There are 2 protein chains.
Amino acid sequence: MTSGVGTAAPGRALAHPDRDRLALERVLHALADPVRLSVVGVLAETGEELPCSAFALPVSKSTCTHHFRVLREAGVIRQVYRGTAKLNALRRADLDARFPGLLDVVLTARRRADGA
Amino acid sequence: MTSGVGTAAPGRALAHPDRDRLALERVLHALADPVRLSVVGVLAETGEELPCSAFALPVSKSTCTHHFRVLREAGVIRQVYRGTAKLNALRRADLDARFPGLLDVVLTARRRADGA
DNA sequence: AGCCTTGTACGATGTCTCTCGTACTTAACG
DNA sequence: CGTTAAGTACGAGAGACATCGTACAAGGCT
């Protein structure tokens, strides 16, 4: 049987870089885009796993897929299939372990820069 | 007369973004390049104003000019003409004021990522 | 079963980025 | 004044990136 229910991890798994191999330049590049930065901001604020459709980004669906892939390949988010949706979670623990403070600093800077 | 000696600020001045207008995405993008990141690392370590020629970068002179311009336009460094040379200084105070902790976090992360 | 929602894959396109070489400017130094 | 040293300007080319639309796959809902 291909699992009884399989609500958690049915389909194929996606490739995620190891925590020890996160590349700083890659992470910085991933964060250096307004769309992706806002995604990370929302994920950090809610602290939840959210499907791509929950972000209301000002780009098309295919562009959306592209940005989430960049974030995943840089190691910023973790993506898991769940039914037809794909849940996105911030890899906060991994990022904090590898680049201590980076995420918080960027998020804080983003808020400040946003309102000023 | 156009100033008696003029060893400090003779030629035309270069455009630098205001401290209050530094854009986070621009700064992140500027730091997301290995060549520029190494420049910032050297400037931070020495704490000195250094001419472009002091960096021994693995790129040509024109590419060098390009990278320093990106850093300057993002507001990461300040450039001042001095004779035929151009001195580069890290805008640490401005960066710390605008994006507290960002520079230190990136520099620390870079060292750690470097050796691991 | 059929439909709808969610996201992927693929190709196309225009822009930006990194890189270079060559020619030029600017200033110091003899 | 001529030479040298440090950068700049101006193309130019190769590659990456952001964007889109259309066609497709996979899973729930009725």
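Computed from a predicted model, the values in this text were never measured in an experiment. Here is the naming used below: chain letters follow the sequence lines, and residue numbers restart at 1 for every chain.
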Undergrad: In this structure, how many angstroms lie between the P atom of dA16(D) and the CG atom of D33(B), rounded?
TA: 14 Å

Undergrad: With a 4.5 Å heavy-atom cut-off, do E49(B) and R78(B) have their side chains touching?
TA: no

Undergrad: Could a donor-acceptor pair under 3.5 angstrom be found where the side chain of S62(A) meets the base of dG21(D)?
TA: yes

Undergrad: Using whole Å, what does the distance between atom C1' of nucleotide dT8(C) and atom CD of E73(A) come to?
TA: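 Interatomic distance, CD of E73(A) to C1' of dT8(C): 14 Å.
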
Undergrad: Among the nucleotides dC18(C), dA18(D), dG21(D), which one has an atom lying closest to any side-chain atom of R36(B)?
TA: dC18(C)

Undergrad: Rounded to whole angstrom units, what separation is found between the OH atom of Y81(B) and the C1' atom of dT25(C)?
TA: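 Going from Y81(B) (OH) to dT25(C) (C1'), I get 10 Å.
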
Undergrad: Heavy atoms, side chains only, cut-off 4.5 Å: are L87(B) and Q79(B) in contact?
TA: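 Not touching, per the 4.5 Å side-chain cut-off.
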
Undergrad: Please give, in whole Å, the distance from dG14(C) P to H66(A) NE2?
TA: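 Taking atom P of dG14(C) as the reference, NE2 of H66(A) is at 18 Å.
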
Undergrad: Give the rounded distance in Å between these two atoms: NE2 of H29(A) and P of dC16(C).
TA: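 Rounded to the whole Å, the gap is 14 Å.
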
Undergrad: Going from CD on E73(B) to NE2 on H29(B), what distance comes out if it is rounded to the nearest 0.5 angstrom?
TA: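 NE2 of H29(B) is found 11.5 Å from CD of E73(B).
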
Undergrad: Looking at the side chain of S60(A), which of dT8(C), dC20(D), dT19(C) is the nearest nucleotide?
TA: dC20(D)

Undergrad: Flag the pair L57(B) / F68(B) as yes when at least one side-chain heavy-atom distance between them is below 4.5 Å, and no otherwise.
TA: yes

Undergrad: Does the side chain of H67(A) get closer than 4.0 angstrom to OP1 or OP2 of dT19(D) through an N or O atom?
TA: yes

Undergrad: Should the side chain of K61(B) and the base of dG7(D) be counted as holding a donor-acceptor pair, with the cut-off at 3.5 Å?
TA: yes

Undergrad: Between S53(B) and dG7(D), is there a side-chain N or O to OP1/OP2 distance below 4.0 Å?
TA: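 Checking dG7(D) against S53(B), a side-chain N or O does come within under 4.0 Å of OP1 or OP2.
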
Undergrad: Of the candidate nucleotides dT19(C), dG7(D), dT8(C), which contains the atom at the shortest distance from the side chain of A85(B)?
TA: dG7(D)

Undergrad: Of the options dG7(C), dG7(D), dT19(C), whose atoms approach the side-chain atoms of P51(B) most closely?
TA: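 Ranking dG7(C), dG7(D), dT19(C) by closest atom to the P51(B) side chain puts dG7(D) first.
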
Undergrad: May I have the distance from R72(B) (atom CZ) to dG7(D) (atom P), rounded to whole angstrom?
TA: 13 Å

Undergrad: Look at the side-chain N and O atoms of T63(A) and state whether any lies under 4.0 Å from the OP1 or OP2 oxygen of dA18(D).
TA: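 Checking T63(A) against dA18(D): no side-chain N or O falls below 4.0 Å of OP1 or OP2.
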
Undergrad: Side chains of F55(B) and V35(B): closer than 4.5 Å at any heavy-atom pair?
TA: no

Undergrad: Whole angstroms only, please: what is the CD-P distance between Q79(B) and dT26(C)?
TA: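 To the nearest whole Å, that distance equals 18 Å.
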
Undergrad: Measure from the side chain of T84(A), starting at C-beta and using heavy atoms only, and say which of dG21(C), dA26(D), dT17(C) lies closest.
TA: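 Looking only at side-chain atoms, T84(A) lies closest to dA26(D).
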
Undergrad: L14(B) CG to dG7(D) P: how many Å, rounded?
TA: 12 Å

Undergrad: Tell me whether the OP1 or OP2 atom of dA6(D) has a side-chain N or O from R82(B) closer than 4.0 Å.
TA: no

